[in-house]
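Below is one structure; the comments refer to it alone.
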Amino acid sequence: MKGLFITFEGTEGSGKSTQVALLAQAVSARGRKVLILREPGGTPIGEEIRHTLKHSEANHDMKPETELLLMNASRAQLVRQTIRPALAAGKVILCDRFYDSTTAYQGYGRMLDLKMVESIIGVAVGDTRPDLTLLFLLPHEVSEARRLARQPSLPLSLKRDRFEEADRSFFERVEKGYRAIAAREPRRVRSIAAGGKPEQVAAEVWRAVEPLLQPARQP
């Protein structure tokens, strides 16, 4: 059975993690094997890079180019160690962020040259591309409120997130980037209104995913 690669994108607080878990349950109920991944991370090497990028106290002076290269180092490992073998085994992969995040955050958000960003992404992923990307769109005010609301429940080691320290203009550029990606690739990228109740958002997600699922073969 052919594997399926679905990625989840959006700014902070858009509810991606919740929707990944809900979709995994729905896909598993269809008899498909599901693998949940996240970026940066997803492998032992990638998780160490994730800490360096997001939570380490040593990352305050990190330059945008360093950020770009670390993101794609983690991604290159994930693609070769995990994603390609899982697709070959016929699994449905649900990945919380993938290369569109790099275009939006490092390209548009950090204002790096987009051609350079695209070239480095190409080295990391080769021809491994998502079958479907779900882009969760949320007003800035709601995103900020959700980020603040979840802070008290985070463990001490995760309370500081370097990306969430960026100002509003950064996240406005990120959103502009995501919308540009969606406009450029409408067949792959499905925009999801993420401001509703989780079950409403999940229903919209399922409408996008269900046509791509092949029924499991009976033994």
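What's counted below: heavy atoms across the whole structure, side chains too, no hydrogens, waters or symmetry copies.
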Just so I know, are the side chains of [X] and [Y] near enough to count as touching, which here means a heavy-atom distance under 4.5 Å?
{"X": "L68", "Y": "Y105", "answer": "no"}
{"X": "V123", "Y": "N72", "answer": "no"}
{"X": "I192", "Y": "K16", "answer": "no"}
{"X": "I181", "Y": "R188", "answer": "yes"}
{"X": "T52", "Y": "M62", "answer": "yes"}
{"X": "C95", "Y": "E39", "answer": "yes"}
{"X": "E204", "Y": "L134", "answer": "no"}
{"X": "D161", "Y": "H55", "answer": "yes"}

Can you tell me how far apart [atom1] ([X]) and [atom2] ([Y]) are? Round to the nearest 0.5 Å.
{"X": "T18", "Y": "D96", "atom1": "OG1", "atom2": "CG", "answer": "10.0 Å"}
{"X": "E210", "Y": "L213", "atom1": "CD", "atom2": "CG", "answer": "7.0 Å"}
{"X": "L4", "Y": "L212", "atom1": "CG", "atom2": "CG", "answer": "5.5 Å"}
{"X": "M1", "Y": "K33", "atom1": "CE", "atom2": "NZ", "answer": "11.0 Å"}
{"X": "L69", "Y": "I49", "atom1": "CG", "atom2": "CD1", "answer": "10.5 Å"}
{"X": "W206", "Y": "Q19", "atom1": "CH2", "atom2": "CD", "answer": "13.0 Å"}

If Ile, Leu, Val, Met, Phe, Trp and Tyr residues are connected whenever their side-chain heavy atoms lie under 4.5 Å apart, and connections chain through other members, are [X] and [Y] in the same group?
{"X": "F170", "Y": "L137", "result": "yes"}
{"X": "L23", "Y": "V92", "result": "yes"}
{"X": "F8", "Y": "V27", "result": "yes"}
{"X": "V174", "Y": "L70", "result": "yes"}
{"X": "I6", "Y": "L37", "result": "no"}

Residues pairing under ring-ring contact (aromatic ring centres under 6.0 Å, His included) where one sits in residues 71-101, two or more places apart or in two chains, turn out to be F5-F98
- Should the pair E175-R179 be classified as a salt bridge under the 4.0 Å nitrogen-to-oxygen rule? yes
### R38 with E47: basic N within carboxylate O range, under 4.0 Å
yes
Heavy-atom pair with the smallest gap, counting every atom of [X] and [Y]:
{"X": "I93", "Y": "I83", "result": "CD1-O, 3.6 Å"}
{"X": "T82", "Y": "P85", "result": "O-CD, 3.4 Å"}
{"X": "A86", "Y": "L35", "result": "CB-CD2, 3.7 Å"}
{"X": "G46", "Y": "S74", "result": "CA-OG, 3.5 Å"}
{"X": "K91", "Y": "L87", "result": "O-CD2, 4.1 Å"}
{"X": "L78", "Y": "G41", "result": "CD1-O, 3.8 Å"}

Output, in order, the C-alpha distance, side-chain angles, deciding distance and verdict of side chain to side chain contact (heavy atoms under 4.5 Å, CB included) for R75 and T102. CA-CA 10 Å; R75 180 169 297 133; T102 293; 2.9 Å; yes
Mind checking side chain to side chain donor-acceptor pair (under 3.5 Å) for [X] and listing every partner two or more places apart, or none if nothing turns up?
{"X": "S101", "answer": "E9, R97, Y178"}
{"X": "R129", "answer": "none"}
{"X": "E48", "answer": "none"}

Can you find a side-chain donor-acceptor pair between T128 and R84 that sits under 3.5 Å?
-> yes
Quick one: does [X]'s side chain have a donor or acceptor within less than 3.5 Å of a partner on [Y]'s backbone?
{"X": "S28", "Y": "A24", "answer": "yes"}
{"X": "R80", "Y": "A76", "answer": "yes"}
{"X": "R32", "Y": "G90", "answer": "yes"}

Check your understanding: Going through the checks in order, is the side chain to side chain contact (heavy atoms under 4.5 Å, CB included) test met by S119 and K115?
Key -> CA-CA 6 Å; S119 176; K115 289 185 178 179; over 6 Å; no
Original post:
Would you find more than 12 non-hydrogen atoms of other residues, nucleotides or ligands less than 6.0 Å from E185 atom CD?
Top reply: yes
For Y108, the side-chain contact (heavy atoms from CB on, under 4.5 Å) test, sequence neighbours excluded, returns T103, L114, A180
Compile the donor-acceptor pairs under 3.5 Å between side chains in residues 194-203 and protein atoms, sequence neighbours left out, one pair per line.
from, atom 1, to, atom 2, distance (Å)
Q200, OE1, K197, N, 3.0

